[in-house]
Participant: 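Quick one: the structure is below, questions incoming.
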Amino acid sequence: QKEVEQNSGPLSVPEGAIASLNCTYSDRGSQSFFWYRQYSGKSPELIMSIYSNGDKEDGRFTAQLNKASQYVSLLIRDSQPSDSATYLCAFTGNQFYFGTGTSLTVIP
Amino acid sequence: DAGVIQSPRHEVTEMGQEVTLRCKPISGHNSLFWYRQTMMRGLELLIYFNNNVPIDDSGMPEDRFSAKMPNASFSTLKIQPSEPRDSAVYFCASRPRRGSNSPLHFGNGTRLTVT
């Protein structure tokens, strides 16, 4: 079983809609969870971190963590074409684990 | 503060040649990671260091790959001899300390093409 399972997409949403990205992980002892955004040809950049159960909001982004279900999600409200990128979820265990990424396209 | 610095940005070489990729982590970060990214396999961890000591190199594909971290501010990833299947983007990333809640900070990557 992979450490991180992420829907590879691609996911397409119209501009202004909510984009929902999901991720499950295998290590129940994990404490730290992250969402990275990667534009084509660029390096991954951190957009959200979450450490406790519940929701964490930052502007148009909301990260949700459910440790009992080993599930973390990212909601992007009022999606913009500039949000079109690949989104990688990650968590820490013995090392730093990344999902395979979900490709998001926001259609103007 | 400068971010993670990688060089070169692009490397084109012929099969069989030696390739050396370089990384300078963020000052004060004592965990350093090397990743390889391809369309087919995504982001793969090759090796990571903590306090200049290699902790896990199980991701290194084969003996042609080697990595060193002679001091806290410099690391190299060497491929000798290089093969076309090594073509990928190689990222270096660092974080403040192992076991912390801190995220990884990535360099801009080195795009390697082996012909």
Side-chain angles (χ1 to χ4, degrees), chain A residues 2-11 21 23-27 29-54 56 58 61 63 65 67 72 74 85-104, chain B residues 2-7 9-10 21 23-26 29-50 53-60 67 88-113:
Chain A
K2 292 183 180 179
E3 291 85 1
V4 187
E5 295 282 353
Q6 190 174 1
N7 185 345
S8 62
L11 175 65
L21 307 166
C23 188
T24 58
Y25 60 94
S26 60
D27 185 352
S30 300
Q31 297 295 319
S32 308
F33 304 87
F34 308 94
W35 282 99
Y36 284 79
R37 177 178 61 200
Q38 186 175 24
Y39 291 114
S40 179
K42 302 295 185 182
S43 58
E45 60 175 328
L46 178 72
I47 55 171
M48 288 288 285
S49 57
I50 186 167
Y51 307 112
S52 55
N53 280 327
K56 178 181 178 182
D58 183 1
F61 298 94
L65 174 60
K67 290 187 178 182
V72 59
L74 179 70
T86 296
Y87 290 80
L88 300 158
C89 67
F91 71 96
T92 55
N94 290 329
Q95 47 159 290
F96 215 93
Y97 298 96
F98 281 91
T100 54
T102 298
S103 175
L104 171 67
Chain B
V4 176
I5 300 172
Q6 290 187 247
S7 63
R9 289 298 306 275
H10 303 274
L21 311 180
C23 176
K24 175 179 170 57
I26 293 173
H29 286 193
N30 59 9
S31 290
L32 182 141
F33 296 69
W34 282 101
Y35 286 89
R36 177 172 68 176
Q37 188 174 44
T38 61
M39 288 292 292
M40 292 298 295
R41 301 175 68 91
L43 200 59
E44 300 175 277
L45 177 65
L46 301 177
I47 186 171
Y48 77 94
F49 296 83
N50 189 53
V53 176
I55 303 300
D56 185 352
D57 65 353
S58 60
M60 296 286 262
V89 180
Y90 291 79
F91 288 107
C92 176
S94 68
R95 65 197 293 237
R97 72 179 185 276
R98 182 188 181 200
S100 74
N101 289 334
S102 300
L104 280 181
H105 299 263
F106 283 82
N108 288 328
T110 295
R111 181 173 296 276
L112 173 64
T113 303

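Order of the sequence lines fixes the chain letters, A, B, ..., with proteins taken first and strands second; residue numbering starts at 1 for each chain.
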Participant: Below 6.0 angstrom between ring centroids: does that apply to A/F96 and B/F91?
Facilitator: no
Participant: Answer with side chain, backbone, both or neither: which region of A/Y36 has an atom nearer than 4.5 Å to a non-hydrogen atom of chain B?
Facilitator: side chain
Participant: Under 4.5 Å from any heavy atom of chain B, what part of A/Q38 do you find: side chain, backbone, both or neither?
Facilitator: side chain
Participant: Taking the six-membered ring for Trp, is the centroid-to-centroid distance between B/Y48 and B/F33 below 6.0 Å?
Facilitator: yes
Participant: Quick check on B/Q37 against chain A: is it the side chain, the backbone, both or neither that has a heavy atom closer than 4.5 Å?
Facilitator: side chain
Participant: I'd like a table of donor-acceptor pairs (distance under 3.5 Å, sequence neighbours excluded) in which one partner is a side-chain atom from residues 47-54 of chain A, with atom names and distances.
Facilitator:
from: A/S49; atom 1: OG; to: A/K56; atom 2: NZ; distance (Å): 3.4
from: A/Y51; atom 1: OH; to: B/N101; atom 2: O; distance (Å): 3.0
from: A/N53; atom 1: OD1; to: A/K67; atom 2: N; distance (Å): 2.7

Participant: So, using side chain to side chain contact (heavy atoms under 4.5 Å, CB included) as the criterion, who are the partners of B/R9 when residues are at least two apart?
Facilitator: B/N108
Participant: With only heavy atoms counted, which part of B/R111 is less than 4.5 Å from chain A, the side chain, the backbone, both or neither?
Facilitator: side chain
Participant: Nearest 0.5 Å, what's the OH-CZ distance between B/Y90 and B/R36?
Facilitator: 4.5 Å
Participant: What part of B/L45 gets closer than 4.5 Å to chain A, counting heavy atoms only: side chain, backbone, both or neither?
Facilitator: side chain
